[in-house]
Amino acid sequence: VDCLDKMAADGGVSMEDQMKELVRLVKQQTAELQGCQHELQLLKQRVLSLEERVPKEDATKARTARRKGQSVGAADGPVSALTSRAASTNSSARSSLRKTGMPRKKLAPKLSIDIETKELVIGNTVNVLFPPVDHTEDDAEPNVPEESLTLSRVHGYNAKNRHNVFYSRSGCVLFDAGCFVLVMNPETGEQRIYEGHEDLIWSLTLHPDGVVVASSAQARQYTSAPGIRFWDVETFATLHVLQHAELNHQVDAMVFSPNNPALLAVALAQEQTLSLWDWESHTLLTKVKVGADLLHVGFNSQTHHLVAAGRRHLSFWNLEAKSSQDDVSLTKKTAIFQPRQSPAAVLCSMTAPDGSLVTGDSSGDILVWSRPIPNFKIAKAIDGAHSGGVAALVATEHGFLSGGVRDGLVKLWGWDYQLYPVDVGEQNEIQLDGGVRALCNISIDGTLSLSQFFAGTSVHSIVSVDAGEAAVEWLCWGNGATTNLTMDRTRPNLGYITCKDGTIRGWDFGTHAPVSATRFV
């Protein structure tokens with residue numbers, strides 16, 4: 001009423017505005033009264049429960065005391081029994097009365113009302129927003145801000161995945177970081193971001209045409225399947241999404257067939273299955289149980305064989321077409337390691353120009369497999385090619401690359417399976433900062449270069465390497481597991497990031513370039 005009298009005294013407020021204010025005040029007071037009524041009901045329930053609780057506790061303890069008194073009286077006589085019974089009863093009653101002042105059990109949720117901040121609390125805080133007094137429906141839209149946030153840059157690289165760096169037809173480097181797929185121009189440093197996923201990218205591959213990308217994210221909680229998204233690397237248009245009951249777990253590895261562009265091989269480590277899809281029509285062609293945790297899947301580019309590699313496992317599968325196009329089968333061909341010892345895991349594979357399959361394993365060995373007569377056997381081996389696992393193999397016309405996951409070396413090999421001969425000033429072994437997780441070569445006029453390539457490393461970075469010039473340049477410098485970010489007050493674009501790998505790294509966020517890196521551990 002005081003508020004309405006003040007508005008009427010001002011003389012500039014219409015009757016309609018006064019009525020709106022009156023309605024607002026009534027609604028506010030109604031909400032406050034309802035809160036008070038609810039609080040009174042809770043207090044009544046609490047008092048009633050306490051009243052019921054005290055007699056029950058007293059009666060229980062009194063009966064216990066009487067039983068003890070009777071047992072004593074049986075030995076000492078009736079007088080001592082009455083005395084002990086009365087003393088125990090009075091003691092238990094006083095103890096129960098002391099306890100009733102603060103009950104142990106929470107009888108009702110907490111409720112409070114803060115009129116100033118307009119908050120009603122019943123167990124959890126609920127913010128209630130009230131519009132200004134002079135607010136009307138007509139002036140709501142002009143006050144809405146037109147600005148919005150747009151993601152412009154992502155620093156980092158997902159080093160937990162394998163084989164997730166590719167070179168597109170347009171000359172850009174493709175890799176994933178978090179829930180984003182990044183497409184970066186290595187010459188200009190321009191970065192474009194595909195934001196079609198809502199969770200961590202789990203698997204990534206590029207079609208042989210260099211345009212279509214297939215990406216799959218981590219399975220979200222309470223969802224049936226993560227699915228596979230197919231999109232254009234140049235236009236970023238999502239072509240379609242493959243959702244199927246057979247893809248009910250996250251995809252650990254997938255690859256397009258170089259011989260039949262419509263085929264996509266998918267590996268699910270949790271189910272230990274390998275499946276073959278016609279990705280354009282979303283048709284499941286065949287599915288087999290592998291019986292091992294798969295880490296890599298690949299095609300032989302010159303035959304119809306499919307490679308499935310993983311922990312304590314390596315198998316070759318012959319793809320055979322049946323009566324119809326959608327009816328195919330996979331026939332397993334065994335890989336025989338004897339007399340060698342089987343490695344703990346097979347991590348990667350490639351196809352040599354003569355059609356042989358080449359694999360790299362966790363023992364650091366590179367093995368060349370003969371054609372299946374009747375099974376695959378080892379024809380040649382490079383023992384100890386790396387001190388640690390061989391994480392990546394990439395074939396070119398003149399030779400191939402191998403990357404070590406532990407030693408951080410990238411080695412250039414000829415097809416005689418010896419280190420590639422180099423001239424003065426060139427290198428056939430390049431040391432990187434961190435272990436190798438993925439490799440991809442630069443394509444020059446449609447031909448893959450042996451000496452120029454990109455590498456994804458275990459320190460969450462992408463580097464560009466020119467072995468002919470013995471040059472290594474950072475393309476995308478990640479920070480791994482970041483614990484803190486501190487900006488330099490004297491230079492606004494300069495910041496320092498502390499990482500769990502024991503380094504402090506400086507960034508120029510204006511030019512998106514690394515400034516320094518100092519390791520303390």
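None of the values given here were measured: they were computed from a predicted structure. One-based numbering along the sequence shown.
Of the possible polar contacts, none joining the T205 side chain to the V255 backbone as a donor-acceptor pair under 3.5 Å is found. Judged purely by atom type and a 3.5 angstrom limit, R192 uses its side chain to pair as donor or acceptor with the backbone of V233. Panel note: side chain N259, backbone N300; a donor-acceptor pair is recorded below 3.5 Å. The closest donor-acceptor contact from the side chain of Q452 to the backbone of S449 lies at 3.5 Å or more, if one exists at all. Between the D209 side chain and the V212 main chain, a donor and an acceptor come within less than 3.5 Å of each other. In this structure, K411 contributes its side chain and A385 its backbone to a donor-acceptor pair below 3.5 Å. Distance alone, capped at 3.5 Å, places no donor-acceptor pair between the T283 side chain and the L285 backbone. With hydrogens and angles ignored, the 3.5 Å screen pairs a side-chain donor or acceptor of N161 with a backbone N or O of I201. Looking at S458, its side chain never comes within 3.5 Å of a backbone N or O of G434 through a donor-acceptor pair. Checking side-chain atoms of Q191 against main-chain N and O of V154 turns up a donor-acceptor pair under 3.5 Å.
Counting heavy-atom neighbours within 6.0 Å of E469 CD, excluding the residue itself, gives a total of 12 or less. R489 CZ: 12 or fewer foreign heavy atoms inside a 6.0 Å radius. Shown here is E195, whose CD atom has more than 12 heavy atoms of other residues, nucleotides or ligands within 6.0 Å.
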Original post:
Checking side-chain contact (heavy atoms from CB on, under 4.5 Å) for the pair V405/V436: CA distance, chi angles, key distance, verdict?
Top reply: CA-CA 5 Å; V405 68; V436 178; 6.0 Å; no

Original post:
For R491 and D508, what are the C-alpha separation, side-chain angles and deciding distance, and is it a salt bridge (Lys or Arg N to Asp or Glu O under 4.0 Å)?
Top reply: CA-CA 9 Å; R491 291 175 287 180; D508 188 334; over 6 Å; no

**OP:** Any chance you could lay out the side-chain contact (heavy atoms from CB on, under 4.5 Å) test for D433 and V463, step after step, and finish with the verdict?
**Re:** CA-CA 9 Å; D433 183 16; V463 295; over 6 Å; no

Subject >> Residue pair E426, N428: steps toward the side chain to side chain donor-acceptor pair (under 3.5 Å) verdict >> reply: CA-CA 7 Å; E426 299 178 341; N428 53 18; over 6 Å; no

**OP:** Check step by step if side-chain contact (heavy atoms from CB on, under 4.5 Å) holds for F175 and F166.
**Re:** CA-CA 7 Å; F175 56 97; F166 302 92; over 6 Å; no

**OP:** List the steps and the verdict of side chain to side chain donor-acceptor pair (under 3.5 Å) for S363 and D365.
**Re:** CA-CA 6 Å; S363 301; D365 302 333; 4.7 Å; no

**OP:** Any chance you could lay out the side-chain contact (heavy atoms from CB on, under 4.5 Å) test for I430 and L409, step after step, and finish with the verdict?
**Re:** CA-CA 6 Å; I430 298 93; L409 286 174; over 6 Å; no

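Minimum heavy-atom separation, A352 to V358: CB-CG2, 4.3 Å. Nearest heavy-atom pair, A292 versus H313, reported as atom, atom and distance to 0.1 Å: CB-CB, 3.5 Å. When all heavy atoms of A345 and L295 are compared, the pair lying nearest together is CB-CD1, 4.2 Å. The nearest pair of heavy atoms linking L314 to A309 is CD1-CB, 4.1 Å. Taking all atoms of both residues into account, the shortest heavy-atom contact from G298 to L306 is O-CD1, 3.2 Å. Nearest heavy atom pair, residue V183 against residue C172, reads CG1-CB, 3.6 Å.
Contact check for S402 versus W413: side-chain heavy atoms found under the 4.5 Å cut-off. With contacts defined as side-chain heavy-atom distances shorter than 4.5 Å, the pair C440/V394 does not qualify. Residues L151 and F180 meet the side-chain proximity criterion, which asks for heavy atoms closer than 4.5 Å. Here the side chains of V465 and V410 are not in contact, with every heavy-atom distance at 4.5 Å or above. Side chains of H386 and R406 form no contact here, defined as non-hydrogen atoms less than 4.5 Å apart. Looking at heavy atoms from C-beta onward, L276 lies in side-chain contact with L319 at the 4.5 angstrom threshold. When side chains are defined from C-beta on, S168 does not count as touching L174, because their heavy atoms never get closer than 4.5 Å. In this structure, the side chains of L347 and H296 stay at 4.5 Å or more apart for every pair of heavy atoms.
With values rounded to the nearest 0.5 angstrom, E429 atom CD is found 9.0 Å from D407 atom CG. L475 CG to L182 CG: the interatomic distance, rounded to the nearest 0.5 Å, is 10.0 Å. Interatomic distance, D361 CG to C348 SG, rounded to the nearest 0.5 Å: 8.5 Å. A distance of 9.0 Å separates NE2 in H305 from OG1 in T331, rounded to the nearest 0.5 Å. To the nearest 0.5 angstrom, L357 atom CG is 5.5 Å from F316 atom CZ. Put simply, CD on E190 and CZ on R153 are 9.0 Å apart, with the number rounded to the nearest 0.5 Å.
Looking only at atom types and distance, the side chain of S215 has a donor-acceptor partner in the side chain of W231 under 3.5 Å away. Residues D488 and T490 bring a donor and an acceptor atom of their side chains to less than 3.5 Å of each other. T238 and Y194 are linked by a side-chain donor-acceptor pair at a separation below 3.5 angstrom, with hydrogens and angles left out of the test. Judged by distance alone, the side chains of N164 and Y157 do bring a donor and an acceptor atom under 3.5 Å apart. For D354 and S356, the side-chain atoms include at least one donor-acceptor pair closer than 3.5 Å. W474 and S461 share no side-chain donor-acceptor pair at under 3.5 Å.
Taking the six-membered ring for Trp, H398 and Y420 have ring centres at least 6.0 Å apart. Ring centroids of H207 and F256 are separated by less than 6.0 Å, placing the two rings close together. Taking the six-membered ring for Trp and the full ring otherwise, the centers of W279 and H240 sit less than 6.0 Å from each other. You'll find the ring centres of W277 and H282 outside the 6.0 Å limit.
Taking the six-membered ring for Trp and thresholds of 30 and 60 degrees, W369 and F337 have ring planes more than 60 degrees apart, a perpendicular arrangement.
Using a 4.0 Å cut-off between a side-chain N of Lys or Arg and a carboxylate O of Asp or Glu, D252 and R162 do not qualify as a salt bridge.
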